[in-house]
Amino acid sequence: MSKVQAALSVMAVGVTGAFATGALGLSPDPVVAEVAIAMNSSTACLGCNVETGDGQKQRAMSSVRPAGLSVAIHGSRQFAVDSPDSQAQPGGDGTPDDRQAPALDDKAYVPPAQVEPPLPELPPVPQLLQQDYPDCREDHLHLADPHDKAKNINACTTALDNYYSGVLTEYRERMNQYQDELSRIYNEKVAGRMEYSAASRDRFYQEIMQEHANSDPDGANMAIYRAAEQLYQADRNYLSDRYCYNTGCGGYPVPENYGYTYVAESLAKTDKPKKKAREKSADNKSCKKSRGRGGLLGGIFGSVVGSVAGLDDVGTLIAGAVGAVLVGEIACKLSQDEQEKAAEATFAVVEQEEVGAVAKWESPTRGGVSGSSTVTALNTEPNGRKCLTITDVAIIDGEETRISKQMCRAAGESKYAITA
């Protein structure tokens with residue numbers, strides 16, 4: 001048998017899967033060598049004409065796939081390695097599940113879930129404290145001598161001016177620094193930081209912008225500052241008026257007992273002025289502060305910016321602020337509801353804005369307590385500022401207390417406040 005015939009015989013047996021070592025009559029080693037020669041030869045020969053032993057040409061089986069067959073025969077044992085195509089066929093060594101499962105390298109990369117770190121905390125909003133405000137506007141009420149009252153009023157006015165130039169001005173600077181700190185936190189700790197999602201960065205940005213707007217001069221965070229500034233202006237105007245009332249400036253007459261403690265010789269001519277002055281002194285000692293003053297301050301600095309504090313929601317004095325229209329010398333003698341009645345009388349004559357306008361009131365709780373407000377003068381200045389001189393009267397158990405005050409409003413404004 002020729003070498004070509006032996007190779008073709010081995011191939012045929014490999015395709016049908018049935019051959020034995022003894023059937024060919026060949027030893028194992030030559031068969032392996034012959035197969036190797038046939039496999040390494042040109043694959044075109046498998047489809048060409050081959051001459052048989054009897055001189056006839058036969059065409060080799062072209063259906064055999066040499067690349068898919070690798071057979072090694074050793075003795076009576078047969079070893080076969082399936083081609084990749086055979087592994088993909090049902091019934092092969094691989095199972096259908098193995099055939100359908102994608103390779104590990106073919107899976108899309110899924111990054112591990114990451115938890116966002118907490119967003120930065122905002123710094124605390126600067127606060128104005130009630131204890132910093134100089135509540136001295138009515139400290140002069142317990143003093144007997146108008147000269148002493150004037151000295152006390154001067155000292156309180158200085159304290160108020162120091163509060164404005166120190167505490168209020170410094171507070172505005174702190175609010176500016178607070179806004180700068182808000183911007184710094186966002187730009188350095190959140191903006192462009194990929195550990196935060198886009199939604200978290202946008203949400204934090206909106207929060208920062210809202211807080212920044214709240215800290216503007218007309219924002220919610222500045223309401224207490226605006227209220228304190230208005231209170232400062234009202235108290236200073238009140239003290240300026242009371243200074244003139246106790247010294248005889250601004251159209252007020254000089255008090256008859258002015259300086260009686262220090263000019264005793266002028267009072268020695270008669271005992272009546274001295275006695276009268278001492279009687280007034282005894283009355284003043286029992287009248288130290290206007291009722292409701294503490295509630296006004298507590299409402300402003302306790303963040304209750306509303307009608308309870310005599311202020312609107314942006315810290316502007318409103319008509320219901322009793323302290324803005326009543327002087328301490330009368331207010332301290334009245335209860336809270338009587339103060340409101342007296343204030344209503346003042347508002348009534350202010351609205352009329354004419355000399356001679358009168359409004360009377362009576363106590364809703366105490367008999368023998370009444371009073372009135374009367375416009376005694378009206379002046380309009382060239383710059384449009386309008387001022388009213390109003391005389392308030394309070395009668396308590398037959399004793400009359402009469403106080404004159406000036407109330408002014410600037411051009412374009414509609415609200416009056418005590419001024420000098």
Side-chain angles (χ1 to χ4, degrees), residues 137-138 140-141 146-147 149-150 153-154 156-157 160 230 232-259 280 284 287 290 310 316-334 338-362 370-396 399-420:
R137 110 174 192 150
E138 294 173 349
H140 66 278
L141 295 179
H147 182 270
K149 290 178 183 288
I153 289 171
N154 272 339
C156 185
T157 300
L160 285 172
Q230 290 291 332
Y232 159 79
Q233 293 290 349
D235 284 353
R236 199 181 190 288
N237 290 337
Y238 167 82
L239 290 174
S240 179
D241 177 78
R242 292 300 88 192
Y243 179 84
C244 283
Y245 176 78
N246 286 283
T247 58
C249 65
Y252 286 109
V254 178
E256 60 181 6
N257 61 330
Y258 181 81
K280 289 185 177 181
N284 286 333
C287 190
S290 299
T316 303
L317 286 170
I318 63 175
V322 173
V325 296
L326 294 183
V327 296
E329 284 84 349
I330 285 183
C332 70
K333 299 177 182 295
L334 305 177
E338 291 167 351
Q339 289 181 14
E340 294 175 359
K341 290 292 184 179
E344 290 174 2
T346 296
F347 296 142
V349 298
V350 165
E351 289 179 357
Q352 298 181 48
E353 287 188 335
E354 61 181 22
V355 177
V358 180
K360 297 181 179 182
W361 59 271
E362 291 184 357
S370 61
S372 65
S373 293
T374 305
V375 178
T376 57
L378 171 60
N379 297 316
T380 302
E381 300 177 0
N383 60 3
R385 184 170 181 259
K386 184 176 291 187
C387 294
L388 301 173
T389 300
I390 301 174
T391 299
D392 288 339
V393 176
I395 301 174
I396 303 174
E399 180 182 349
E400 179 181 294
T401 301
R402 184 180 296 267
I403 298 292
S404 294
K405 63 189 179 186
Q406 286 184 326
M407 298 189 66
C408 299
R409 64 175 175 84
E413 296 183 357
S414 60
K415 298 173 183 177
Y416 282 84
I418 295 177
T419 185

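Computed from heavy atoms alone, side chains included, the values below leave out hydrogens, waters and symmetry copies.
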Going through the distances and angles, do Y252 and N246 end up as a side chain to side chain contact (heavy atoms under 4.5 Å, CB included)?
CA-CA 8 Å; Y252 286 109; N246 286 283; over 6 Å; no
Please tabulate, for the side chains in residues 341-355, all donor-acceptor contacts under 3.5 angstrom to protein atoms that are two or more places apart in sequence or on a different chain.
{"from": "T346", "atom 1": "OG1", "to": "A342", "atom 2": "O", "distance (Å)": "3.4"}
{"from": "T346", "atom 1": "OG1", "to": "S373", "atom 2": "OG", "distance (Å)": "3.3"}
{"from": "T346", "atom 1": "OG1", "to": "K405", "atom 2": "NZ", "distance (Å)": "3.1"}
{"from": "E353", "atom 1": "OE2", "to": "R409", "atom 2": "NE", "distance (Å)": "3.3"}
{"from": "E353", "atom 1": "OE2", "to": "R409", "atom 2": "NH2", "distance (Å)": "3.3"}
{"from": "E353", "atom 1": "OE2", "to": "Y416", "atom 2": "OH", "distance (Å)": "2.4"}

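- Nearest heavy-atom pair, R402 versus E400, reported as atom, atom and distance to 0.1 Å: NH2-OE2, 3.0 Å.
- When all heavy atoms are compared, the tightest approach of E138 to Y238 is CG-OH, 4.3 Å.
- At least one side-chain heavy atom of R242 sits under 4.5 Å from a side-chain heavy atom of E329.
- Qualifying salt bridge (charged side-chain N to carboxylate O under 4.0 Å, His left out) partners for K360, counting only residues two or more places apart in sequence or in other chains: none.
- Closest approach of Y232 to L160, counting heavy atoms only: CE1-O, 3.2 Å.
- Two residues are said to be in side-chain contact when any heavy atoms from C-beta on lie closer than 4.5 Å; C387 and Q406 fail this criterion.
- Taking every heavy atom of both residues into account, I403 and Y245 meet most closely at CD1-OH, 3.0 Å.
- The minimum heavy-atom distance between I330 and A394, with the atom names listed, is CG2-CB, 4.0 Å.
- For the atom pair S370 OG and E338 CD, the distance stands at 10.0 Å (nearest 0.5 Å).
- Formation of a donor-acceptor pair under 3.5 Å by the T157 side chain with backbone atoms of I153 is found in this model.
- Here C244 contributes atom SG and L239 contributes atom CG; the two are 11.5 Å apart, rounded to the nearest 0.5 Å.
- Nearest approach of R137 to C156, heavy atoms of both residues: N-SG, 3.4 Å.
- A distance of 14.0 Å separates NZ in K333 from CG in L326, rounded to the nearest 0.5 Å.
- Here the straight-line distance linking atom SG of C249 with atom CG of D241 works out to 8.5 Å at 0.5 Å rounding.
- Between atom OG of residue S404 and atom CD1 of residue I390 there is a gap of 10.0 Å, rounded to the nearest 0.5 Å.
- Taken to the nearest 0.5 Å, the CZ atom of R385 stands 11.0 Å off from the OG1 atom of T380.
- Pairs passing the salt bridge (charged side-chain N to carboxylate O under 4.0 Å, His left out) check and including a residue from residues 244-255, sequence neighbours excluded, do not occur.
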